[in-house]
Amino acid sequence: MSSMSQMSAMDRVKTLLDENSFVEMGACVTKRSTDFNLQEKSIPADGVITGYGTIDGSLVYVYSQDASQLGGSMGEMHAKKIGRIYDMALKVAAPVIGLIDCAGLRLQEATDALAGFGELYLKQTMASGVIPQISAIFGTCAGGSAISAALSDFTFMTKEGGRLFVNSPNALEGNYIEKCDTSSASYQARTGMVDFVAEDEREALAQIRSLISILPASNEDEDFHSGESTDDLNRQVPSFGVAVKDPAVALAEISDDHFFMEVKKEYARNMVTGFIRLDNMTVGAVANRTALFDAEGKEAESFQALFTTGGAKKAESFVSFCDAFHIPVLTLTNVAGYEAVKCEEKDMAKAVAKLTYAFANATVPKVNVIVGKAFGSAYIAMNSRHIGADLVFALPDTEVGMMDPQEAVKIMYADELKAASDPALLLRDKAEEYRELQGSGESAAKRGYIDNIICPEETRKHLIYAFDMLFTKRERRPGRKHGTV
């Protein structure tokens, strides 16, 4: 049950939307069931406020569950009200935002409530890839409500008050909430279920407004890139070459007015996903991370330039969202292979296959910047030219090839190294030769696999020109219902 200190369901709606823009729908709707003495209970609006309004002048539909009414539990009419705004949102092509504070299924209406959950899942499925769906968890999000949140494109959650679970922590075998609170925002963020964590409700609502301001209203909204950038299109970024270790910093540096909205920040931190703006165009960014900088710009944590299953899954879902809503994709590539750990190996091939498919299947403008190492099939999977990147750039001194030159030489010249009087010198010379002929950005550019070697400080300018040129891109694919990867 929600804390009484939290905002009311209506307060959340009014705080989220532009002032005086909310229009309530279904205010008089209430329960129909009379089982278990429900006729004696008053449940205004059947525990959920529904309607529409605007965020920065853009139309959105919203529902806000009221935990003061039977815990915000979902009954028959409660579900129908939410389904109604989904129907309207699909008709007029506008996002749906759910402000969740729900104890789950209303037990007094059992089968009718189950039908309501099923109908909501169907509405969400039909809306997937058509209109953006956002869930924000301010109180309890239990059982079937957790599935609904997972069907959304983005999930927000407050640290205080928010609880998300299918099975409560105390119901898990060998666990109790004091040992591991699997319902907490921090836990759900680390597992990848929650995209954004906020300190409190007002911060979460402000984050939702920011997200809505950079997303299209639907998959057919071609005007959401309107307006002019207030930032210099030719602005130099001297720090980019150093900042690429932590893409969260580097992406903010090249973005208009240093805007960067990171998605799934706490999950698979060796991979960074999020949105930037280039010449006022929303661009989805995916990048390999090798360092995490603190507030003072110092390296607080380091990562290997390797794929993990979590990183691949994180990037795959983000690329799929961007492609569904015609949002261009930028990648900053620095990957040398795959993490060689037993627990990773069981899912690695499938996770990277899905990421490869997502990049190859995406028809939006795709630009890749190689900022470090780009080795083997891991490099191919990271939006390479070979799977459909429209433009590929590389920074000077990057390494592009099958593997680390020294490791390649150890295999190619194994016998010679054993017989050499100075194996270290031979290894060094042959590695340098291999790097020049088969292992550098320059050698890949000579073969046409890289379009240009660019100066780090000019990255922003090159990206703006590239995405501007690709704005009218159209690409046809073989006719099919959908892929099966």
Side-chain angles (χ1 to χ4, degrees), residues 1-6 9 33 35-36 38 41 43 46-48 63-76 78-79 82 98-122 124-125 133 135-152 154-201 204 264 266-268 309-310 313-314 317 343 346-347:
M1 188 66 66
S2 300
S3 167
M4 293 303 291
S5 64
Q6 290 181 313
S33 176
D35 293 345
F36 304 103
L38 272 181
K41 298 181 183 291
I43 312 175
D46 208 52
V48 62
Y63 68 89
S64 181
Q65 293 171 317
D66 186 354
S68 68
Q69 305 298 324
L70 291 185
S73 59
M74 184 175 292
E76 175 197 15
H78 183 122
I82 299 174
L99 309 182
I100 299 176
D101 197 346
C102 175
L105 188 78
R106 187 174 297 169
L107 297 179
Q108 296 93 329
E109 298 185 34
T111 52
D112 289 328
L114 278 174
F117 262 130
E119 289 168 7
L120 175 57
Y121 296 164
L122 179 60
Q124 290 185 271
T125 302
Q133 300 177 72
S135 292
I137 301 163
F138 296 127
T140 300
C141 181
S145 292
I147 309 304
S148 178
L151 282 169
S152 302
F154 298 101
T155 303
F156 294 75
M157 190 171 177
T158 57
K159 286 184 178 180
E160 186 174 346
R163 297 185 67 215
L164 170 65
F165 58 90
V166 175
N167 295 297
S168 70
N170 292 332
L172 303 179
E173 185 177 353
N175 189 60
Y176 48 91
I177 195 167
E178 291 79 13
K179 180 180 179 181
C180 179
D181 187 359
T182 54
S183 68
S184 68
S186 59
Y187 180 88
Q188 293 295 340
R190 291 195 303 272
T191 63
M193 169 59 202
V194 170
D195 299 286
F196 302 95
V197 175
E199 291 293 334
D200 55 33
E201 297 183 8
K264 295 189 188 297
E266 299 301 323
Y267 173 58
T309 54
K313 290 176 181 179
K314 176 179 178 177
S317 64
C343 63
K346 62 181 181 181
D347 291 326

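Counting from 1, the numbers follow the sequence of the chain as shown. Hydrogens, waters and symmetry mates play no part in the numbers below; they use all other heavy atoms, side chains included.
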Revision key, fill the gap. In this structure, CZ of Phe165 is separated from OG of Ser184 (nearest 0.5 Å) by 12.0 Å

Review point. Rounded to the nearest 0.5 Å, what separation is found between the CG atom of Leu164 and the CD1 atom of Ile100?
Key: 8.5 Å

Review point. Got Gln188 and Ile137 here, is their nearest side-chain heavy-atom distance under 4.5 Å?
Key: no

Review point. Within the side chain of Tyr121, is there an N or O that forms a donor-acceptor pair under 3.5 Å with the backbone of Gly144?
Key: yes

Point to revise | Backbone of Thr155 reached by a side-chain donor or acceptor of Asp195 within 3.5 Å | key: yes

Exercise for review: Compare every heavy atom of Gly310 with every heavy atom of Ala268, then report the nearest pair and how far apart it is.
Suggested key: CB-C, 3.5 Å

Practice item. Please state whether the rings of Phe196 and Phe156 are parallel, tilted or perpendicular, taking 30° and 60° as the class boundaries. Key: parallel

Revision key, fill the gap. What one should report as the nearest heavy-atom pair of Leu99 and Phe138 is CD2-CE1, 3.7 Å

Review point. Between Tyr176 and Asn170, which heavy-atom pair has the shortest distance, and what is it?
Key: CA-OD1, 3.3 Å

Check your understanding: When you measure from the side chain of Asn175 to the backbone N and O of Pro169, does any donor-acceptor pair fall under 3.5 Å?
Key -> yes

Practice item. Report the distance from atom CE of Met74 to atom CG of Leu114, rounding to the nearest 0.5 Å. Key: 11.5 Å

Check your understanding: Going from CG on Leu151 to OG on Ser135, what distance comes out if it is rounded to the nearest 0.5 angstrom?
Key -> 8.5 Å

**Study point:** Candidate pair Glu266 and Val197, rule side-chain contact (heavy atoms from CB on, under 4.5 Å), full reasoning
**Key:** CA-CA 9 Å; Glu266 299 301 323; Val197 175; 5.6 Å; no

Point to revise | Which atom of Lys314 lies closest to which atom of Tyr267, heavy atoms considered | key: NZ-O, 2.8 Å

Practice item. For Asn167 and Leu172, indicate whether the former's side chain and the latter's backbone hold a donor-acceptor pair under 3.5 Å. Key: no

Review point. Which atom pair, heavy atoms only, marks the closest approach of Gly116 to Ala79?
Key: CA-CB, 3.4 Å

Review point. Looking only at atom types and distance, does a side-chain atom of Gln133 sit under 3.5 Å from a main-chain N or O of Ser152, one as donor and one as acceptor?
Key: no

Practice item. Can you see which heavy atom on Gln65 is nearest to which on Ala9, and at what distance? Key: O-CB, 3.6 Å

**Study point:** side-chain contact (heavy atoms from CB on, under 4.5 Å) between Ser317 and Lys264, intermediate numbers included
**Key:** CA-CA 11 Å; Ser317 64; Lys264 295 189 188 297; 4.3 Å; yes

